[in-house]
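So the structure is just underneath, and the comments pick up after that.
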Amino acid sequence: MATPLMAARAGVSGPDIDGFRTVQRLAYDCAEAVAAQLRPGVTERQAAAMMRRWLADRGVHDWLHLPFAWFGDRTAFTGFKVPHQFFPTGRRLTEGMPFILDAAPIYQGYTADIGYTSSLGPNRVLDHLLDDLAVHRALIVEAVRAGRTLRQIYLDVDELMARQGYENRHRAYPFGVIAHRVGKISDGTVRPHAFGFGSRALLGLLQDGVRGHREGWSPLWNPRKSSDHPATPGLWAVEPHLGFRGVGAKFEELLVVQEDGDAYWLDDTLPHLRRWAGRGISGSLATGSAPDADPPGETAARAVVATAEAIAKEAV
Amino acid sequence: MATPLMAARAGVSGPDIDGFRTVQRLAYDCAEAVAAQLRPGVTERQAAAMMRRWLADRGVHDWLHLPFAWFGDRTAFTGFKVPHQFFPTGRRLTEGMPFILDAAPIYQGYTADIGYTSSLGPNRVLDHLLDDLAVHRALIVEAVRAGRTLRQIYLDVDELMARQGYENRHRAYPFGVIAHRVGKISDGTVRPHAFGFGSRALLGLLQDGVRGHREGWSPLWNPRKSSDHPATPGLWAVEPHLGFRGVGAKFEELLVVQEDGDAYWLDDTLPHLRRWAGRGISGSLATGSAPDADPPGETAARAVVATAEAIAKEAV
Amino acid sequence: MTSLYDLPGARRFEVASTDGVRLACVEAGNPAGPTVLLLHGYPDTKEVWADVAARLADRYRIVAYDVRGAGESSRPDATSAYALHRLTDDFEHVLDAVAPDGRVHLVGHDWGSVQSWEFVTTRRTAERVASFTTVSGPSLDHLALVTREGLARPTPKRLSRNVEQLFRSWYVYALHMPVVPELAWRGVLGKHWPAMMARSEKTLGPPEPSLPEDAAFGAKLYRANVRHRMAAPRHDAIAEMPVQLVVPDRDKFLAKRLYDELDRFAPHLTRRQVSGGHWVPRTRPDLMARWIGEFVDQVEQHGTAKPATAAATLASKGRKARRDEANRRRFAGQLAVITGAGSGIGRATALSLAEAGARLVLVDRDAASAERTVDLAQVLGAAEAYAETVDVSDAEAMEQLAAKVRATHGVPDLVVNNAGIGIAGSFLDTSPEEWKRTLDVNLWGVIHGCRLFGAMMVERGQGGHIVNTASAAAFQPSKGLPAYSTSKAAVLMLSECLRAEFASHGIGVTAICPGFVATGITGATRFVGTSAEKERSLREKTTKAYKRRGYGPEKVADAILRAVAENTAVQPVTPEAHAAYAASRFTPRVLRALARVDLPK
Amino acid sequence: MTSLYDLPGARRFEVASTDGVRLACVEAGNPAGPTVLLLHGYPDTKEVWADVAARLADRYRIVAYDVRGAGESSRPDATSAYALHRLTDDFEHVLDAVAPDGRVHLVGHDWGSVQSWEFVTTRRTAERVASFTTVSGPSLDHLALVTREGLARPTPKRLSRNVEQLFRSWYVYALHMPVVPELAWRGVLGKHWPAMMARSEKTLGPPEPSLPEDAAFGAKLYRANVRHRMAAPRHDAIAEMPVQLVVPDRDKFLAKRLYDELDRFAPHLTRRQVSGGHWVPRTRPDLMARWIGEFVDQVEQHGTAKPATAAATLASKGRKARRDEANRRRFAGQLAVITGAGSGIGRATALSLAEAGARLVLVDRDAASAERTVDLAQVLGAAEAYAETVDVSDAEAMEQLAAKVRATHGVPDLVVNNAGIGIAGSFLDTSPEEWKRTLDVNLWGVIHGCRLFGAMMVERGQGGHIVNTASAAAFQPSKGLPAYSTSKAAVLMLSECLRAEFASHGIGVTAICPGFVATGITGATRFVGTSAEKERSLREKTTKAYKRRGYGPEKVADAILRAVAENTAVQPVTPEAHAAYAASRFTPRVLRALARVDLPK
């Protein structure tokens with residue numbers, strides 16, 4: 001889920017990276033633990049509360065936003081028109097139903113924002129969507145490395161979805177973002193309020209927005225002109241969200257963009273990566289993830305551009 | 001003008017031929033003489049009366065039909081719907097106006113039925129129509145010689161008119177005839193009555209029709225199935241009638257069909273022939289007319305058929 | 001039309017029933033397969049099933065018999081000999097003969113189905129029936145009960161249903177008249193009946209020679225049962241086995257709404273709707289055989305009919321659920337060929353048909369796109385899905401496609417000629433090459449598709465439907481889309497002419513006219529008279545505008561499936577397409593004024 | 001747009017008139033030719049005639065001058081200095097300078113024409129005028145007289161004419177306001193006027209720099225004369241010389257009906273009607289120059305204008321006479337290109353235009369037929385007529401034709417894309433080759449014609465009209481004519497789109513939709529799915545049926561000329577075409593039912 005954030009400057013230090021990785025793992029562990037407990041009849045509100053309790057039990061007291069849970073065709077944001085529709089409802093889980101759990105805990109000053117998609121029992125359609133998310137994950141990091149602008153990458157993802165036959169559902173988020181910046185937050189005791197968003201987070205959004213406006217970049221990543229620049233160094237919570245005939249799927253994880261323009265996904269051991277590995281899936285592009293992988297050379301950049309161009313040239 | 005007629009059997013004798021030729025010349029002389037007297041303001045009725053008087057003065061007391069005169073767009077039978085519209089009206093002649101004189105005197109037992117077209121002063125349109133009648137005269141006699149059925153020849157003439165850009169106006173005649181048979185009439189003192197047609201002529205039509213029906217031929221020449229046979233021996237009064245944008249033109253003269261299927265026009269010294277000669281016009285087919293011309297061989301027959309086929313194949 | 005006796009392994013035999021009646025039976029087909037018992041209606045004989053049986057014989061054991069009074073079976077004179085309990089006796093005797101131990105899959109048409117309802121709700125026979133497929137023959141008990149309820153607690157819906165069926169049942173009253181029906185059948189009616197039916201059903205083979213006698217004796221079926229059962233219906237007539245209901249949508253004798261409440265009497269009910277008249281066993285044997293076969297297979301394998309796919313159930317609520325169910329009824333098992341299936345409306349239509357369980361041949365000039373649609377279709381539950389890479393403007397390639405489809409999958413039931421390209425820009429900027437490309441794809445693609453697949457459908461004689469994707473631009477002129485509008489107006493007219501021609505073959509034709517719909521087409525539209533740079537920007541802007549419009553190709557796909565089900569001639573889709581269609585009829589001047597407006601650039 | 005001063009042999013000079021006014025004059029062109037004196041209107045200068053003069057210069061001696069208050073002439077301040085007798089003095093002084101002995105051919109536009117009426121009805125100047133061509137400028141005397149009669153003996157016609165002119169004359173009242181017009185012209189109006197006019201007149205060059213001052217001083221022309229003359233008109237204002245009246249049909253400032261009774265004041269009157277707005281000297285210079293030249297030539301040769309052709313006079317009575325006269329006014333001297341001119345509707349249209357005195361390029365793929373039409377056209381009085389043998393489906397041949405027409409005859413004013421072929425038979429019987437031939441001729445022929453000649457018309461910027469022969473089959477689907485209907489529906493849509501595009505260029509587009517008309521087309525219609533024998537018989541029968549119908553191509557030609565004159569968008573012709581057009585709008589279901597009817601065979 002897209003959330004505002006505190007300003008974070010580039011060049012995140014090694015210990016900081018570990019801190020972000022720790023909280024992101026904690027959040028995904030939470031999602032997996034709660035998912036394992038879901039049974040037919042559980043409501044979205046109950047699932048969200050389970051996540052909140054699980055994380056609170058493990059020392060999380062501050063949030064970018066309180067946990068979200070979407071069941072059934074709400075995973076695809078079917079019929080969503082106004083923001084309050086994102087909040088958990090009394091929708092009950094049934095056999096075969098897809099669901100998404102979304103949490104953004106702040107732990108020891110480090111923020112995570114994760115999305116976990118699964119279903120209660122087998123769901124062929126969801127399986128297909130989850131499989132197809134892999135190539136998006138690869139496309140995004142390669143494109144960032146190749147220095148394409150955020151707007152271009154957004155449109156690349158759009159085109160890839162269109163080819164895949166899916167709808168872009170992150171368009172439904174406030175400001176239509178596919179990602180937003182995430183920063184380290186000075187420890188505090190502020191509790192979320194105001195519709196589930198931390199007040200300092202809202203303040204941070206404003207500060208980041210004002211500075212970005214002055215410096216020509218945006219803390220939000222969407223298809224507007226303000227995103228027509230390469231990714232700024234720092235951490236980005238990226239969440240491509242596919243929709244297909246009432247079923248939605250996304251992941252949300254942190255992308256680290258370095259001062260030199262190189263980029264990598266913060267963690268390659270997350271549940272969806274394990275799932276893809278188990279099914280023998282890798283993105284159709286080089287899966288460049290950790291910083292110790294080959295540096296993004298000419299080849300990778302060309303591959304991204306070629307893919308993007310192939311997309312652009314798509315025949316009817 | 002189409003008229004009913006007394007039955008005439010084939011094989012007209014030499015003296016008979018002379019008799020027919022004499023009365024036909026008399027009728028054309030009449031038309032020329034009356035035409036020379038026409039002045040602006042003369043009505044159709046007056047012109048018809050002039051012809052009647054001229055012929056009566058020269059010994060004609062019996063008629064296939066009384067003389068007709070048509071002025072202006074009545075030469076093209078514009079708007080003619082019912083037969084009585086053929087009768088002379090009070091329409092007055094003006095400068096440049098086309099006119100047609102039509103007479104069918106019976107003289108010494110021989111019948112003529114002639115049509116004479118001209119205009120009061122120059123008329124370019126009429127000149128063009130009169131010129132174009134020449135090829136029809138040639139087409140008809142050649143086609144008869146080649147043994148094409150009357151129906152086929154009628155359609156050939158139709159097609160030729162369409163190519164020329166003209167309308168077929170003899171379609172407007174009663175029964176849509178282009179020609180009818182003419183015979184020798186036993187001398188008598190019967191005077192025309194009943195709408196200007198001789199009563200014996202009406203009777204003759206009936207007799208001929210009944211016999212023709214029995215023997216499979218028709219005394220009328222039109223595009224119906226009953227005309228789908230070669231010309232029967234005897235004399236035919238043939239009158240192709242062109243119409244074009246309110247101007248009509250025709251000739252009417254006798255065609256002699258012999259027992260052996262050969263055919264020729266009774267007289268080649270008629271006014272329209274002299275006019276064509278004066279303008280250097282001959283039909284586009286061999287102008288075969290008198291019986292002493294080359295007998296209609298393969299060549300002529302093929303020419304007619306080829307013309308007819310070319311007509312039939314006409315592209316849009 | 002072959003005879004049942006000509007089927008492979010056919011064996012004719014007689015079964016003696018009660019009261020001395022001898023029943024002419026036939027057994028044929030695969031002796032190792034499940035037994036399918038086919039029961040004919042009135043005024044037919046078992047031969048009404050010959051076409052269907054021929055298509056089932058390789059995998060199933062086929063049994064059929066002439067009902068008493070019909071064909072080669074005895075014709076008792078007494079009306080009472082035709083009462084339902086006598087017919088049940090007959091059925092039991094046949095079962096004893098052909099399946100003394102196992103169970104049979106019962107299929108009944110018309111009166112064959114009416115009496116089958118008695119068998120499947122009577123204990124001694126019901127337990128010997130594994131599944132029941134009912135075609136155009138309701139249970140007299142159900143009919144009586146719902147009619148009474150309609151009178152007792154009338155709602156407008158129930159009332160109008162009763163009135164409708166009242167009118168459709170004129171023949172039932174007629175058959176109750178003494179002597180007259182017999183005289184009529186043996187006289188003028190028997191003579192003209194086949195021609196009358198052939199006209200009304202569009203395609204129907206020659207009649208059985210026994211028709212007049214079958215019809216005359218068969219009248220006793222009505223007299224012996226209808227009045228009695230309508231007066232005293234059984235309340236416990238519940239069919240516990242899986243029941244497949246096949247409803248022809250142009251059945252002159254039965255109102256479709258008669259079955260609205262059938263779930264009450266058949267809890268394991270699968271519904272199917274077929275485009276056809278009363279005699280679908282004769283006029284739609286391919287589809288009938290497919291549905292019977294699939295149903296039998298499912299019951300044999302799972303003991304019950306396959307539930308709807310998980311995704312479909314989950315996503316379904318209210319109107320969408322009803323639509324999905326209607327699509328499944330109509331399109332399950334049907335073979336559809338879709339061009340331009342790699343994106344936009346073509347892909348969305350393929351996916352909607354996939355959800356309905358159709359079999360799909362998905363054509364696109366881009367192989368990868370077509371393959372991708374196949375993947376998605378399979379995920380959504382398509383019975384089968386194949387990709388074909390063909391440029392629809394290529395006559396030879398289209399001929400090869402048609403030949404291949406026919407050889408591999410059979411004659412399609414539905415063809416959607418959807419492939420098209422967009423072209424925008426003024427007339428004067430449109431080069432002859434661009435005109436040619438536009439007409440080649442948008443018009444010639446449709447001509448080829450209609451010609452090749454239409455000929456197949458006509459030859460097969462089992463109906464079908466062709467959908468051509470025209471456009472709102474087919475009736476809304478515009479200075480910005482001259483070539484596109486022209487090509488689409490041609491498609492619209494072609495569709496209307498074809499519809500007129502194919503009506504007599506029972507083949508429907510629909511021109512679908514979307515308005516501004518967000519599909520891939522705008523991303524590839526050629527904007528003539530502009531630089532490459534400007535064209536790219538126009539494409540992006542137009543695509544964005546179309547997306548913002550939010551009218552997706554899925555809605556067009558919905559409209560297509562609905563139009564096919566209802567055999568609509570011209571189907572505008574978006575509100576502005578509806579408006580333009582209405583305006584083209586009532587105020588062409590308004591359209592002409594609109595035509596001069598510059599497109600947003 | 002050149003200046004008069006740039007014409008060959010141009011000489012500028014001044015003429016001193018009464019009250020110290022100096023008139024800026026120009027003389028140019030062929031010094032041996034007749035003198036044509038061009039008089040401009042308000043708020044123009046003599047340069048308004050530059051385009052027309054350029055086209056006349058090679059054969060005529062051109063004289064023009066700036067009216068007092070305009071351009072480079074003096075601008076007296078007193079309103080009284082602008083009275084008509086002062087203007088007559090000016091004219092007389094110019095005549096003395098340029099034609100002291102001979103006579104001139106006077107041409108006036110707008111106020112130039114208004115004052116010319118005074119000159120040609122005032123003895124001292126009238127006898128020095130050989131002919132007068134008047135454009136958009138009535139005589140104040142005539143105006144006053146007919147307005148009074150309208151009030152004195154009001155008929156509905158006269159009344160409505162007066163009211164119409166009342167509204168069109170708003171600017172006359174406005175110009176009578178003191179000071180305001182001057183301020184407006186020198187301010188915001190002078191600035192925006194050119195753009196306003198360019199939009200309303202479709203094409204118009206840049207204004208003269210002196211416009212604000214011309215307009216400000218010119219207002220005095222109205223103030224000095226209008227009120228006075230309207231109050232006390234002369235009753236003897238009769239123009240005895242040949243007068244040519246040119247009426248633009250979209251003149252915003254003058255009602256066409258104003259000239260209904262002009263024959264009373266100009267006994268030797270030739271009327272012309274041009275499709276255009278008020279400034280035709282600028283927007284239609286080709287046609288204006290042609291009409292002026294032809295009129296001058298006739299008067300020089302015969303001392304009078306050529307009478308209508310004999311045939312036309314003879315055949316004319318009542319409605320037909322009025323129609324023929326209307327056609328002569330509208331089409332005399334205009335260049336028309338007609339395809340398929342060798343027969344049927346094409347030939348009939350050519351002949352109607354020939355009667356109207358048009359110039360004709362007659363195209364047919366059959367050389368003999370085209371030549372024959374040329375013969376007939378010449379007989380009927382065509383100004384010129386040429387035959388061209390071209391297959392309209394041949395893109396290259398059409399390009400050559402277009403280039404040749406332009407080089408030899410100029411840009412056409414009217415193009416009739418009429419060539420077409422008939423094809424009948426069911427869709428399934430129509431082979432791809434037959435589809436191709438049908439689309440090639442019926443659709444591609446129209447595309448090529450519209451594209452090539454349309455581009456020329458747009459480039460010339462002097463308006464024009466395109467007629468495409470569609471068919472009633474374009475809105476009436478039929479199972480018997482699928483390929484024909486499809487091709488014609490495409491033509492109809494193409495025409496509607498083109499009309500929208502060309503409206504801003506002042507070029508009209510009409511789709512003509514005949515119904516069953518007896519033309520050659522049925523005799524050559526391809527009846528697919530039949531034997532050669534059967535086809536021949538079908539052709540004969542159809543042709544006969546069409547002939548019996550008696551609706552000839554002449555009536556279609558009438559409809560075409562009327563539709564061009566009125567710039568109709570879609571013109572159905574026969575009653576059944578009208579009915580089908582109406583039905584296609586209001587009850588398409590009826591058409592769909594009709595579509596299934598078998599054609600008479």
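These numbers come from the heavy atoms of this one structure, side chains and all, not from hydrogens, waters or symmetry mates. In what follows, chains carry the letters A, B, and so on, assigned in the order in which the sequence lines appear, proteins first and then strands, with residues in each chain numbered from 1.
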Residue pair D/Met457, D/Val411: steps toward the side chain to side chain contact (heavy atoms under 4.5 Å, CB included) verdict: CA-CA 6 Å; D/Met457 289 180 179; D/Val411 175; 4.3 Å; yes
Residue among D/Ala489, D/Pro482, D/Ser426 with most heavy-atom pairs under 4.5 Å to chain C: D/Ser426
Side chain, backbone, both or neither of C/Ala455 within contact of chain D (heavy atoms, under 4.5 Å): both
Which portion of C/Lys488 sits near chain D, non-hydrogen atoms under 4.5 angstrom: neither
Passing candidate, side-chain hydrogen bond (donor to acceptor under 3.5 Å, both in side chains) with D/Thr469, options D/Asn418, D/Thr510, D/Asn417: D/Asn418
C/Pro412 versus C/Val405, closest heavy-atom pair with distance: CD-CG1, 4.3 Å
Under 4.5 Å from a heavy atom of chain D, the part of C/Ala474 involved: backbone
Heavy-atom pairs under 4.5 Å with chain C, option from D/Ala473, D/Ser487, D/Cys450 with the top count: D/Cys450
Pairs of heavy atoms under 4.5 Å with chain C: top-ranked of D/Val491, D/Leu439, D/Leu492: D/Leu439
Test log, rule side chain to side chain contact (heavy atoms under 4.5 Å, CB included), inputs D/Val509 and C/Phe427: CA-CA 13 Å; D/Val509 178; C/Phe427 179 85; over 6 Å; no
Full working for side chain to side chain contact (heavy atoms under 4.5 Å, CB included) between C/Val441 and C/Arg437: CA-CA 6 Å; C/Val441 177; C/Arg437 186 68 200 143; 3.4 Å; yes
Greatest number of heavy atom pairs closer than 4.5 Å to chain D - which of C/Pro432, C/Gly454, C/Ala483: C/Pro432
D/Trp444 and D/His448 aromatic ring geometry - parallel, tilted or perpendicular at 30°/60° bounds: tilted
Chain D contact via C/Leu498 - which portion, at a heavy-atom distance below 4.5 Å: side chain
